[in-house]
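Below is one structure, written out as structure tokens; comments come after it.
Throughout, a chain's letter reflects where its sequence line sits, starting with A, and its residues are numbered from 1. Given the structure is predicted, the values throughout are model-derived calculations rather than measurements. As a basis for the values below, the full set of heavy atoms in this structure was taken, side chains included, without hydrogen atoms, waters or symmetry mates.
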2 protein chains.
Amino acid sequence: MVKYLIPALILSIVGCQPQSQEQSVKHEAGPITLVIHGGAGTIRRENMTPEKEAAYHAALKTALDSGYAILEKGGKSVDAVIAAIKVMEDSPLFNAGKGAVFTNEGKNELDASIMDGSNLMAGAVAGVTTIKNPITAAHAVMTKSEHVMMIGRGAEIFAEEQGCEIVHPTYFFDSARYKSLMKAKENENDKSALLYDPYIKDQKFGTVGAVALDQYGNMAAGTSTGGMTNKKYGRVGDAPIIGAGTYADNNSCGISATGWGEFFIRLGVARDIAALVEYKGYSIQQAADSVVMKKLPKLGGDGGVIVLDRQGNFALTFCSEGMYRGHINKKGEAKTFIYKD
Amino acid sequence: MVKYLIPALILSIVGCQPQSQEQSVKHEAGPITLVIHGGAGTIRRENMTPEKEAAYHAALKTALDSGYAILEKGGKSVDAVIAAIKVMEDSPLFNAGKGAVFTNEGKNELDASIMDGSNLMAGAVAGVTTIKNPITAAHAVMTKSEHVMMIGRGAEIFAEEQGCEIVHPTYFFDSARYKSLMKAKENENDKSALLYDPYIKDQKFGTVGAVALDQYGNMAAGTSTGGMTNKKYGRVGDAPIIGAGTYADNNSCGISATGWGEFFIRLGVARDIAALVEYKGYSIQQAADSVVMKKLPKLGGDGGVIVLDRQGNFALTFCSEGMYRGHINKKGEAKTFIYKD
């Protein structure tokens with residue numbers, strides 16, 4: 001505990017004495033970096049229009065700017081992760097928050113998780129239907145409860161008590177996403193169509209995430225999703241599973257994943273990447289490649305990860321056709337991408 | 001995929017041709033081993049009676065015998081794990097299945113998970129209230145669905161469809177456990193009492209688990225729990241989280257954990273032990289010690305793990321006062337334990 005108390009004390013002193021903050025920033029500020037993703041899948045140029053592409057780039061850029069503004073002002077990596085993810089949750093373009101896909105029952109069930117690499121605190125919610133920004137509920141679980149994971153109605157009640165914005169489930173209704181559900185239901189008996197249709201496959205991998213490094217050298221990572229189109233039975237994917245979809249540890253790196261969640265849980269993708277960095281001395285790129293480009297396709301899964309280390313190095317790695325992604329690197333340069341090239 | 005198909009093919013040939021089974025067993029049979037736990041916590045001699053001790057030893061022995069009988073007959077490690085856990089779920093002595101503790105709302109919410117180390121298949125259920133043996137529901141998720149984790153009512157409907165035994169929630173009622181809830185509620189405002197009272201603390205760590213090695217060299221691990229007394233808000237602990245409470249991989253080892261679940265999720269205890277074995281070349285004892293005796297207490301958590309490798313070596317490691325546990329080693333010797341010594 002002791003080693004985690006010291007940075008916490010420094011932060012609280014900074015918080016209480018704004019005059020000394022600037023000084024301490026000037027002397028101690030390390031590099032700041034933010035990486036984000038908006039889901040990976042069968043994203044192909046031929047299915048895109050220039051307008052759609054521009055809309056995705058713009059949404060990613062807004063998310064980056066929102067998170068980076070916090071880091072620039074000397075804010076914490078956890079808060080930058082929340083800010084970036086909230087922008088993507090509020091956009092109908094991504095399968096998270098507002099843009100969540102529909103379950104088999106025609107509902108939108110949302111999952112999210114967040115982790116603070118400075119003290120290994122973590123929070124997650126799964127199967128919630130009334131929380132506008134599930135990432136804020138995950139953060140409330142992390143900071144306001146003694147628990148890490150809460151599910152269903154209990155999680156909703158807790159989030160409301162903690163002041164998270166509650167919306168009517170119809171807030172998440174989107175006619176294009178609803179049409180996707182209808183299409184998936186038409187093909188329901190044809191299992192191979194459900195699994196391998198490129199359009200459905202694309203839908204499976206909708207998730208958003210962010211990993212940040214603040215000037216205090218602390219990592220944080222978060223992930224949020226609207227799940228899988230036509231999913232049944234209260235299925236939970238990797239997004240709210242600490243160690244699968246999200247992990248952050250100052251001793252190694254921060255990770256947020258997007259992809260076919262079941263494979264990410266089975267491999268413990270996020271925890272495994274952190275372990276390869278810590279125990280085998282892999283660079284984050286080597287670790288991401290080992291898990292996402294080798295182990296994951298070998299099992300039959302696909303998707304991608306964003307990984308960031310304490311020096312501000314990052315890897316945006318995926319074995320699917322594309323991944324909505326972006327970064328603002330330690331030089332302050334912002335870039336957003338959709339396809340492989 | 002290919003490397004996993006070969007053992008699967010061998011197994012299915014064995015299954016279809018019973019005459020050749022014995023031959024193949026004689027030629028190929030490797031060591032078989034089973035380890036189990038029935039929860040870790042503040043288990044003190046002074047709070048025990050000889051009768052109570054004897055009842056625990058007897059229940060552990062029955063669980064071991066039940067699982068080992070399957071391994072001896074040439075059965076699979078997954079089936080041995082289920083058999084051993086079912087015995088403990090059916091006993092009121094352990095906080096799982098029949099003996100589950102009560103939530104703040106006076107309900108019994110059960111969680112379980114299972115993993116097959118030969119192909120990294122996994123299944124889990126959380127927050128179920130009507131399934132007599134949650135470990136069988138986790139197994140159904142693993143083998144009969146394309147998902148890994150299902151929660152709440154959806155998981156119950158799926159389990160029922162798959163033929164798992166359904167009971168009325170009153171099946172789980174136990175007056176002694178209910179009194180524990182009342183005691184915990186009395187101390188609710190005194191947070192330190194809730195956290196540090198040895199009696200409550202003991203209740204927190206109720207979980208059962210098993211790890212098996214079959215003669216085909218395949219590992220499996222499973223965990224089942226009735227949660228935390230007086231828990232609120234649909235809290236989920238480590239037991240149903242693949243990588244936290246349960247992990248199994250033929251490349252490293254099988255693990256089942258019991259303890260203060262939140263800390264086990266934050267560390268990714270099971271996945272971390274597997275990673276230390278695979279990436280750092282640690283023995284399973286070194287790996288268990290590194291995570292359970294060092295990292296876990298450092299964060300403020302406690303509890304224990306059982307770990308088994310493919311050679312039949314095992315570690316039963318805990319940093320709490322005691323852990324109900326037992327093994328049948330590769331020589332066929334059975335032993336059960338409660339305290340440290």
Side-chain angles (χ1 to χ4, degrees), chain A residues 1-4 103 105 115 119-122 124-127 141 145-159 161 191 194-195 228 231-238 241-244 247 261-263 265-268 270-272 274-276 278-280 282 295 298-300, chain B residues 1-4 103 105 115 119-122 124-127 141 145-159 161 191 194-195 228 231-238 241-244 247 261-268 270-272 274-276 278-280 282 298-300:
Chain A
M1 276 309 268
V2 174
K3 78 169 182 183
Y4 297 124
T103 68
E105 292 171 300
M115 187 158 185
N119 53 16
L120 302 184
M121 293 293 284
V125 293
V141 172
S145 85
E146 57 173 339
H147 299 320
V148 168
M149 187 174 194
M150 296 185 192
I151 61 176
R153 187 67 197 130
E156 291 172 352
I157 294 168
F158 173 77
E161 284 173 4
K191 275 285 172 197
L194 182 70
L195 283 170
M228 190 186 267
K231 75 171 178 178
K232 291 183 198 173
Y233 304 123
R235 173 258 187 188
V236 172
D238 63 318
I241 306 295
I242 298 299
Y247 206 73
E262 278 70 13
F263 294 93
I265 297 176
R266 291 165 58 196
L267 289 169
R271 187 70 191 83
D272 194 24
L276 285 166
E278 187 174 355
Y279 302 145
K280 293 207 86 164
Y282 279 19
K295 293 183 186 184
K298 206 171 180 180
L299 267 194
Chain B
M1 274 309 267
V2 174
K3 76 169 182 183
Y4 297 124
T103 67
E105 290 171 300
M115 186 158 185
N119 54 17
L120 302 185
M121 292 292 283
V125 293
V141 173
S145 85
E146 57 173 338
H147 300 319
V148 168
M149 187 174 196
M150 295 186 192
I151 61 174
R153 187 68 196 128
E156 291 172 351
I157 294 168
F158 172 78
E161 283 172 4
K191 276 282 172 200
L194 182 70
L195 284 169
M228 190 186 266
K231 74 172 180 178
K232 291 184 198 173
Y233 305 123
R235 174 258 185 188
V236 172
D238 63 319
I241 305 295
I242 298 299
Y247 207 73
E262 277 70 13
F263 294 93
F264 283 67
I265 297 176
R266 290 164 58 195
L267 289 169
R271 187 70 192 82
D272 194 24
L276 285 166
E278 187 174 355
Y279 303 143
K280 292 208 86 165
Y282 278 19
K298 205 172 181 179
L299 267 195

**Report entry** Close side-chain approach of A:Asp272 to A:Lys295, heavy-atom, < 4.5 Å
**Finding:** yes
Query - From CA spacing to verdict: salt bridge (charged side-chain N to carboxylate O under 4.0 Å, His left out), B:Glu146, A:Arg235 - result: CA-CA 10 Å; B:Glu146 57 173 338; A:Arg235 173 258 187 188; over 6 Å; no
**Report entry** Winner by heavy-atom pair count (cut-off under 4.5 Å) against chain B, out of A:Leu276, A:Val125, A:Ile242
**Finding:** A:Leu276
**Report entry** B:Glu278: side-chain contact (heavy atoms from CB on, under 4.5 Å) partners, not counting sequence neighbours
**Finding:** B:Asp249, B:Asn251, B:Ser252
**Report entry** Donor-acceptor contact below 3.5 Å, side chain B:Arg266 vs main chain A:Asn119
**Finding:** yes
Query raised in the report: What's the spacing between B:Leu267 CG and B:Leu299 CG if we round to 0.5 Å?
Result: 4.5 Å
Report summary line: Okay, A:Tyr247 and chain B: the region with an atom under 4.5 Å from a heavy atom over there is side chain
Query raised in the report: For B:Glu156, is it the side chain, the backbone, both, or neither that has a heavy atom closer than 4.5 Å to a heavy atom of chain A?
Result: neither
Report task. Select one option (side chain, backbone, both, neither) describing which atoms of A:Ile241 are under 4.5 Å from chain B's heavy atoms. Result -> side chain
Report summary line: Comparing B:Val141, B:Val236, B:Ile157 against chain A, the one with the most heavy-atom pairs below 4.5 Å turns out to be B:Val236
**Report entry** Residues that B:Ala159 engages under side-chain contact (heavy atoms from CB on, under 4.5 Å), provided they are two or more places apart
**Finding:** B:Ile131, B:Ala137, B:Cys164
Query raised in the report: Between B:Met115 and chain A, which part of the residue has a heavy atom less than 4.5 Å away: side chain, backbone, both or neither?
Result: side chain
Report summary line: Interface check, chain B: of A:Met121, A:Met150, A:Glu262, most non-hydrogen pairs under 4.5 Å belong to A:Glu262
